[in-house]
Student: 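This is the structure I want to talk about, given as structure tokens.
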Amino acid sequence: MSRLISRMLDLPPAVATDLEYQTDLAAPMPDGAVLLATRVAPRGGEGLPILLIRSPYVSRGRKADLMSRLLAERGYQVVFQNCRGTFGSTGAFEPFKNEREDGLATLQWLATQPWFSGSVAMFGLSYYGYVQLASGAGAPAHLKALMPQMAASRVYDVLRGEPMRLDGVLSWLYTTYSGHAAASLLDRTRATMRRNRALRTGFQHLPVGEADQAALGRTIGFYQDVVRYGRPDDDLWAATDNAKHVPGIQAPVHFLAGWHDFFLRDELADYQALREAGKNPYLTIGPWTHASLPGIKAGLRHSLQWFDAHLRGNHGALRSAPVQVCVTGADTWIDLPSWPPLSTPTVRHLRAGGRLSTEPPAGQVQPSRYRYDPADPTPGLGGAVIQGGGARDNRKLEDRPDVLTFTSDPVPPDTTIMGTVTVSLHARSTLDHTDFFARLCDVAPKGTSTNLCDGIVRLHRGGTQQITIQLTPTAHCFKPGHRIRLQISSGAHPMYNRNPGTGEPLTTATAMRPADQEIFHDAAHPSAIILPIV
């Protein structure tokens, strides 16, 4: 089975198949908690480099989990530790709160073990990547490399934000707290169906403050904190924000990100923080959604190269360019010295009749209008979600009356954008409390409209105003005959929680008010999209 999975994941050949296991290794924490781990290594491999994986999701078990086994077969000692309060590790599980202190204590504990080899790296994606960035600064010198994948040092934007990422937080909540085991293929199929039904129920439920009860049948304290604390400087988020520590990381870092991953913006902020601190982090960005199989395969491949270079001294395993990104549309990978590359901000103006033009508007024209009704919220389609995310044909979404589109003429051959796309709107709403969602799409000659990147703002005052929406970064080539399209709407449910229009707190809001929206595109109100063209 391990050999078959290795082929599926395009891994290099195993160098060891006779593995030894040590279970329930106890790492004491300074506050008295004890975290348990399993060590998996080639038999007699006490001198091999160590890969540390810290997880709140998967039990270390009596034998190796699959990932630990695959890594150990490639010549590493793997220590798989369960975070505090999970699977036998003592203390209370307070998501994201204790990972810096526990990670640093675990790194120190490794140095006291008889099989300690003097070289340690950390591995993993999502929460497993967050714990790497949390404990990287101030780590002992034997931490030689980090490989955070689809992860960042802070979680406010991916769990709460404004508006709240309802799909992300409820999906994470279900994964973490449902407790549903799935051993056989039939069990896993049933578990997936049960999960999808539960999440659909949670997504539709109002008030949002009771969505945990609707989806899981019980109230989860962490979820209640998420919906209660809405500002990034609230105690909950300040305690889980490790961005201030990132510049102090000394171990070499290779970030692996996805264009359709909800961690992308914050992961790039961590990359930039290390650059500004004088470090030379590596960065790989592919066309992946969060924790998708192609991203996992790429993460394993790049991790083994990174560890080979920094734990074994084989620096020839590294590529010469520190940054490598996939340019969608052209479906090609390019090397860069840093991100983002130099680009020219190029303006495309919104015009009457749903046009997107290089020419600014002239005179007075009527604004484009639509009505947003939270009782029938504009659905999300594709994008940075786990189930059904990524690049999708948006034509069905664009047929809705609550979605405006502005489309260009066919672009010059091989028009390529790289960086952050910005939308500047002159807008008016009949409500003080409303959202505006913007999405960039590539329209093919046959009409397929494929989403590239998007962004949203939540407003708390009415009237006519100019608003700026930062879309997530992208790298895309518009091929000959293709057109640029901008979508404007007031929601993407359940990617983001619907705005009920009343201004009431998430915890209690059930009433809903429709909003009549206007987007201006005349000489006095020149709405536009700004593209970073290279």
Side-chain angles (χ1 to χ4, degrees), residues 328-329 343-372 378 381-382 391-417 419-429 435-457 464-471 474 476-492 516-533:
T328 57
S343 62
T344 301
T346 303
V347 177
R348 299 280 179 140
H349 298 275
L350 280 64
R351 301 290 299 271
R355 293 182 298 127
L356 205 57
S357 173
T358 57
E359 298 296 324
Q364 293 182 344
V365 295
Q366 290 296 309
S368 297
R369 298 182 174 94
Y370 64 96
R371 166 169 277 214
Y372 171 74
T378 313
L381 178 64
R392 295 289 184 269
D393 184 354
N394 276 228
R395 284 178 292 182
K396 185 176 181 180
L397 174 64
E398 292 165 355
D399 285 341
R400 287 179 58 104
D402 55 0
V403 178
L404 300 179
T405 60
F406 298 86
T407 308
S408 74
D409 292 332
V411 298
D414 294 339
T415 298
T416 300
I417 60 173
T420 299
V421 176
T422 303
V423 174
S424 176
L425 294 181
H426 291 267
R428 180 164 62 196
S429 176
D435 297 345
F436 285 97
F437 176 80
R439 166 170 280 181
L440 176 65
C441 293
D442 179 335
V443 182
K446 292 185 178 180
T448 304
S449 179
T450 303
N451 57 294
L452 306 178
C453 55
D454 47 54
I456 192 168
V457 295
T464 304
Q465 54 190 303
Q466 183 175 5
I467 59 178
T468 299
I469 307 175
Q470 295 284 340
L471 278 56
T474 190
H476 183 78
C477 177
F478 293 89
K479 302 298 284 183
H482 287 233
R483 294 175 291 158
I484 299 168
R485 175 169 290 169
L486 175 65
Q487 288 180 20
I488 301 295
S489 63
S490 288
D516 290 310
Q517 317 287 53
E518 293 178 305
I519 303 298
F520 294 87
H521 34 66
D522 55 37
H525 307 92
S527 297
I529 181 170
I530 299 92
L531 303 168
I533 292 184

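Because the structure is predicted, anything quoted here is derived from the model rather than measured.
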Student: Under the salt bridge (Lys or Arg N to Asp or Glu O under 4.0 Å) definition, can you give me all pairs with a residue in residues 516-527, not counting sequence neighbours?
Tutor: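 The answer is Arg369-Glu518, Arg371-Asp516, Arg428-Glu518.
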
Student: Report yes if some heavy atom in the side chain of Leu440 is under 4.5 Å from a heavy atom in the side chain of Val423; otherwise report no.
Tutor: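 Of all side-chain heavy-atom pairs linking Val423 with Leu440, none is under 4.5 Å.
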
Student: With sequence neighbours left out, write down each residue that passes side chain to side chain contact (heavy atoms under 4.5 Å, CB included) with Thr416, or none if nothing qualifies.
Tutor: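 Applying side chain to side chain contact (heavy atoms under 4.5 Å, CB included) to Thr416 gives Val327, Met418, Cys477, Val534.
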
Student: Return the CG to CD1 distance between Asp435 and Ile456, rounded to the nearest 0.5 Å.
Tutor: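 Reported to 0.5 Å precision, the distance equals 4.5 Å.
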
Student: Taking ring-ring contact (aromatic ring centres under 6.0 Å, His included) as the test, write out the residues that go with Tyr372, two or more places apart.
Tutor: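 Listed in chain order: nothing, the list is empty.
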
Student: Parallel, tilted or perpendicular: which one describes the rings of His525 and Phe520, with boundaries at 30° and 60°?
Tutor: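 Tilted: the ring planes of His525 and Phe520 meet at 30° to 60°.
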
Student: Under the side chain to side chain donor-acceptor pair (under 3.5 Å) definition, can you give me all pairs with a residue in residues 343-352, not counting sequence neighbours?
Tutor: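 Output for this query is empty, none listed.
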
Student: With sequence neighbours left out, what residues match Gln470 under side chain to side chain contact (heavy atoms under 4.5 Å, CB included)?
Tutor: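 Partners of Gln470 by the side chain to side chain contact (heavy atoms under 4.5 Å, CB included) criterion, ordered by chain and then number, come out as Arg265, Thr420, Thr422, Thr468.
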
Student: Pairing donors with acceptors under 3.5 angstrom, does anything connect the side chains of Ser527 and His426?
Tutor: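 Their side chains do not contain a donor-acceptor pair, so the 3.5 Å distance test is not met.
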
Student: Out of curiosity, His476 NE2 to Thr328 OG1, how far, rounded to the nearest 0.5 Å?
Tutor: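 Reported to 0.5 Å precision, the distance equals 5.0 Å.
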
Student: Is the shortest heavy-atom distance from the side chain of Pro410 to the side chain of Phe478 under 4.5 Å?
Tutor: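 Pro410 vs Phe478: side chains apart.
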
Student: Is there a side-chain contact between Ile519 and Pro367 (heavy atoms, below 4.5 Å)?
Tutor: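 In short, these two side chains do not touch, never coming nearer than 4.5 Å.
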
Student: Between Arg485 and Thr407, is any side-chain donor less than 3.5 angstrom from a side-chain acceptor?
Tutor: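 The criterion, which ignores hydrogens and geometry beyond distance, is satisfied for Thr407 and Arg485.
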
Student: Kindly give the heavy-atom pair with the smallest separation between Asn451 and Cys441, and that separation in Å.
Tutor: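 Distance-wise, the nearest heavy atoms are CA-SG, 3.7 Å.
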
Student: Mind checking side chain to side chain contact (heavy atoms under 4.5 Å, CB included) for Ala444 and listing every partner two or more places apart, or none if nothing turns up?
Tutor: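 Only Thr448, His482 meet the side chain to side chain contact (heavy atoms under 4.5 Å, CB included) criterion with Ala444.
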
Student: Taking the side chain as every heavy atom from C-beta outward, state whether Ile529 and Val421 have any pair of such atoms under 4.5 Å apart.
Tutor: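 Counting from C-beta outward, Ile529 and Val421 do come under 4.5 Å.
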
Student: Could you list all the salt bridge (Lys or Arg N to Asp or Glu O under 4.0 Å) pairs where at least one residue sits in residues 443-457, not counting sequence neighbours?
Tutor: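 Residue pairs passing salt bridge (Lys or Arg N to Asp or Glu O under 4.0 Å), neighbours aside: Arg439-Asp454.
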
Student: Listed by chain and number, what are the side-chain hydrogen bond (donor to acceptor under 3.5 Å, both in side chains) partners of Lys479, not counting sequence neighbours?
Tutor: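 Lys479 satisfies side-chain hydrogen bond (donor to acceptor under 3.5 Å, both in side chains) with Asp414 only.
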
Student: Is there a side-chain contact between Thr405 and Leu486 (heavy atoms, below 4.5 Å)?
Tutor: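 No, too far: nothing below the 4.5 Å cut-off.
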
Student: With sequence neighbours excluded, tell me which residues meet side chain to side chain contact (heavy atoms under 4.5 Å, CB included) with Ser489.
Tutor: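 By the side chain to side chain contact (heavy atoms under 4.5 Å, CB included) rule, Ser489 matches Thr378, Val403, Phe437.
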
Student: Sequence neighbours excluded, which residues qualify as ring-ring contact (aromatic ring centres under 6.0 Å, His included) partners of Tyr370?
Tutor: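 Applying ring-ring contact (aromatic ring centres under 6.0 Å, His included) to Tyr370 gives none.
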
Student: Can you give me the closest heavy-atom contact between Gly447 and Arg395, atom names plus distance?
Tutor: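 Residues Gly447 and Arg395, closest heavy atoms: O-CD, 3.0 Å.
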
Student: Find out whether Leu397 and Arg400 are in side-chain contact, i.e. whether some heavy atom of one side chain is under 4.5 Å from a heavy atom of the other.
Tutor: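 Yes - at least one pair of side-chain heavy atoms lies under 4.5 Å apart.
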
Student: Checking side-chain polar atoms at under 3.5 Å, does Ser490 have a donor or acceptor matched by the opposite partner on Gln517?
Tutor: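 Per modelled atom types, Ser490 and Gln517 side chains form a pair under 3.5 Å.
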
Student: How long is the gap from CG on Leu471 to CG on Leu452, to the nearest 0.5 Å?
Tutor: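 CG of Leu452 is found 9.5 Å from CG of Leu471.
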
Student: Tell me, do Thr450 and Arg392 make a side-chain contact under 4.5 Å, heavy atoms counted?
Tutor: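 Contact flag for Thr450/Arg392 side chains = no.
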
Student: Under 3.5 Å, sequence neighbours excluded: what are the donor-acceptor pairs made by side chains of residues 353-365?
Tutor:
from: Arg355; atom 1: NE; to: Ala352; atom 2: O; distance (Å): 3.3
from: Ser357; atom 1: OG; to: Glu359; atom 2: N; distance (Å): 2.9

Student: Return the set of residues passing ring-ring contact (aromatic ring centres under 6.0 Å, His included) with Phe436 (not counting sequence neighbours), or none when no residue passes.
Tutor: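 Listed in chain order: nothing, the list is empty.
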
Student: Taking the side chain as C-beta and beyond, is there a heavy-atom pair between Ile484 and Asp442 under 4.5 Å?
Tutor: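 The answer is no, as the side chains (C-beta and beyond) never meet within the 4.5 Å cut-off.
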
Student: Between CD of Gln487 and CG of Leu381, what distance do you get to the nearest 0.5 Å?
Tutor: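 That separation rounds to 8.5 Å.
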
